[in-house]
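Have a look at the structure below before the remarks.
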Amino acid sequence: MSCNKKAYITTPIYYVNDIAHIGHAYTTIIADTLARYSRMIGLDTYLLTGTDEHGQKIEQSALERGKSPQEYADEISATFKDLWDDFGISYDKFIRTTDEEHKIGVQKAFLKMKEKGDVYKDVYKGHYCISCETFFPKTQLVDDEFCPECGRATSVVEEESYFFRLSAYQERLMAWYEERPDCILPKSKRNEVIRFVEGGLDDLSITRTSFDWGVKLPEELDDPKHVMYVWLDALMNYLTALGYGTDEKNMDFWPARIHLIGKDILRFHAIYWPAFLMSLDLPLPKHVAAHGWWTRNGAKMSKSKGNVVNPREVADAYGLDNFRYFMLREVPFGGDGDFSQKALIDRINSDLGNDLGNLLNRLIGMSGKYFDGRVECDMVDEYYQTELDEVNESLKKLEPLLFDMQLHRYLEELWRPLSVANKAIDKYQPWRLMKEGKEDEAMALNGLIATILAKVSIMLDPVMPQISPLIASALGFSIDNKSWNRLIIDNKPLEVFTIEKIPPLFPRIEEPLLANDEPSISSKKEKALEKASNEKKKIEITAQSEGIALIGIDQFFQTALKVGTIVKSEEVPKSKKLLLLQVDTGEEEPRQVVAGIKEWYSAQSLLGTQVCVVANLKPAKLMGMKSEGMILAAKDENGLSLIRPEAPKTNGTKIG
Ligand code: ME8
């Protein structure tokens, strides 16, 4: 790749309503990995991160703590910046939406959209979820009141608002998804977006009047009671960070090569953002890549839930690079992953300790014993061409995997050369070669191991930027664009060197290093939040769990419980919790049941499963769909399990 190519890589800007958790660290570490790789291969790279500081949620959080929003934002924004600094995140700019240049840029964009005829004034009537900073039409609410995303109560809003003509961009958006199949990664997520847009787009309310903690409208509009909708303000950071509307010197980095985000904010990035950009006559980002959730014991991890794992604690205890490797290797990008110390320890002991660390130790041992630490690599191809070919084949696959966001596959493929090396030692046995007087072959074998370790350390450097240079330094070279070109692109051998003895890089970990590996989902914070935000649900739960009344057998039999088989199972669009099931309970037609079990079961996995159904419940409507029964399940802190017959039973068999 040539040097004049640009790579603009962004993370989301994080809300300053609490400190960072591993979900934030995950996005940022991925972005940092991509940026480091891009720099290594010679791309002109710009990594952006920062904080999202306006909006009703932040205003409320500040007020709850008796602080002004600015004071509060300053404090929390600094904790993010400190964390990324301590983590060595190689950002080129840390933007804050309270930065003056940012506000000017947002105002200029607003004016431009208005001049274009894409912005008009009207009245917004509807529901707003402050926690998600999102408007929802009534049809999307759960029980006509609760947010379909986070389950919290929404508030009814009726206020004058400026609207963005999102509806006018439906066709152009569809054309973009069509023409650029990899504009949204992973590709499965693209289909979700297409389905959403196909369903029709409403114009978007882009200003609020009921609070003031936001960017004011441009003075030209003389409408001081409005502030910008926080998502318009926030998305614009990707442009204002490059100087849009002020000093545009970095605008040549646009369009972004990749916006890294979590799947929760895909709609904003894959629908609203490209529409805003089209309105501003700017090119669209090359990729929007959405990763999955980090959960804790099956529950979604988030600041507002209070069940967070602190990334600083994990990195301090286990090592920053080990933590980085674990996050990227453990979970396929786009999928959800459960954080546990056990999984982390397994990765450190096995992949890093056994496969990588031991290989270096073996090389140090062998070259020390037989050649006083001297390693020569120029004879490797003479004796071990097959192994070299295999290694180079694997290495060639890496870059496309990285830019296709298959980071776990990248690391998996990168481990293949290590396995080639470990196998070669076992197969050719240097001690035997030495005994048979085949010194050249033994030296070449050491050269092969050194070559493999050198190549792996280069390609691992973007993921493990502290440890990889230590490996390189033991092998007498340093990692940079030059050595990448020499060893990875041109496949040239390492210069002769004397290996440096270094202490073990991955000492074995026997026990969890952090005291509390318990889920903290029952933390006071979550309880308080749940109480405040979802009083209605709470009352129901309390009534059920505390007022357990004794009933007679005849009362029990008033409930018609039956065995049924799930014959059709699909996801409810736009719902994170619900699945739409057709259950054969031995009647003429299968029953339709809407079940809130999507967090624990995929639609596909349920097909053909037998379940226990409450068959005489009054039909109810959930998200506009009729539900004619309830499926029995048990839920504890480890998650939810369906109650099923131990052996298959005829559909319609009575339970009791
Ligand atoms: O949404 N697992 O900010 P935010 C994995 N300000 N990643 C997670 C996560 C989890 N449990 N929880 C959060 C916002 N994240 C907006 C963004 S961008 C113009 C504005 C990550 O503080 C994930 O990347 O709620 C998610 O998208 C991001 O943190 C949002 O953090």
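Atoms within a ligand are numbered from 1 in the order they appear, just like the ligands themselves. Since the structure is predicted, the reported quantities are computational estimates derived from the model, not experimental observations. In what follows, residues are counted from 1 in the order of the sequence shown.
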Selection from Glu133, His269, His21, His24 by shortest heavy-atom distance to atom 29 (O) of ligand 1: His24

Option with minimal heavy-atom separation from atom 20 (C) of ligand 1, where the choices are Trp231, Trp294, Trp293: Trp231

Pairing of Asp404 and Arg409 as salt bridge, 4.0 angstrom limit: no

Within 45° cone and under 6.0 Å: Arg312 NZ/CZ vs Phe323 ring: no

No-hydrogen, no-angle side-chain donor-acceptor test under 3.5 Å, Tyr37 and Glu399: yes

Contact (N/O only, under 3.5 Å) between Thr27 and ligand 1: yes

Min heavy-atom dist Tyr238 to ligand 1 below 4.0 Å: yes

Ion pair Asp118/Lys114, N-O distance below 4.0 Å: no

Aromatic ring proximity, centroids under 6.0 angstrom, His408 and Phe333: no

N/O separation below 3.5 Å, Ile13 to ligand 1: yes

Geometric N/O contact Leu235 with ligand 1, under 3.5 angstrom: no

Any Ala290 heavy atom less than 4.0 Å from ligand 1: no

salt_bridge(Asp233, Lys103) N-O dist < 4.0 Å: no

Which of the ligand 1 atoms, numbered from 1, are nearer than 4.0 Å to a heavy atom of Tyr14: 22 (O), 28 (C), 29 (O), 31 (O)

Atoms of ligand 1, numbered as shown, that sit under 4.0 Å from any heavy atom of Asp52: 6 (N), 16 (C), 20 (C)

Candidate with minimal heavy-atom separation from atom 7 (N) of ligand 1, of Glu53, His291, Met236, His259: His291

Sub-3.5 Å N/O-N/O distance, Asp264 and ligand 1: yes

Close-contact set for ligand 1 against Ala234 heavy atoms, below 4.0 Å: 19 (C)

Asp182 vs Lys187 side-chain heavy atoms within contact, under 4.5 Å: yes

Region of Leu260 that comes within reach of ligand 1 [heavy atoms, distance under 4.0 Å]: neither

His269 ring center near Tyr238 ring center (under 6.0 Å): yes

Side chain, backbone, both or neither: Tyr26 near ligand 1, heavy atoms under 4.0 Å: neither

Donor-acceptor pair between Trp294 and His21 side chains, under 3.5 angstrom: no

Electrostatic pair Lys576:Glu599 at N-O distance under 4.0 angstrom: no

Proximal ligand 1 atoms for Ile265, defined as those under 4.0 Å from one of its heavy atoms: 1 (O), 17 (C), 27 (O)

Atoms of ligand 1 close to Gly292 [distance to a heavy atom under 4.0 angstrom, numbered from 1]: 5 (C)

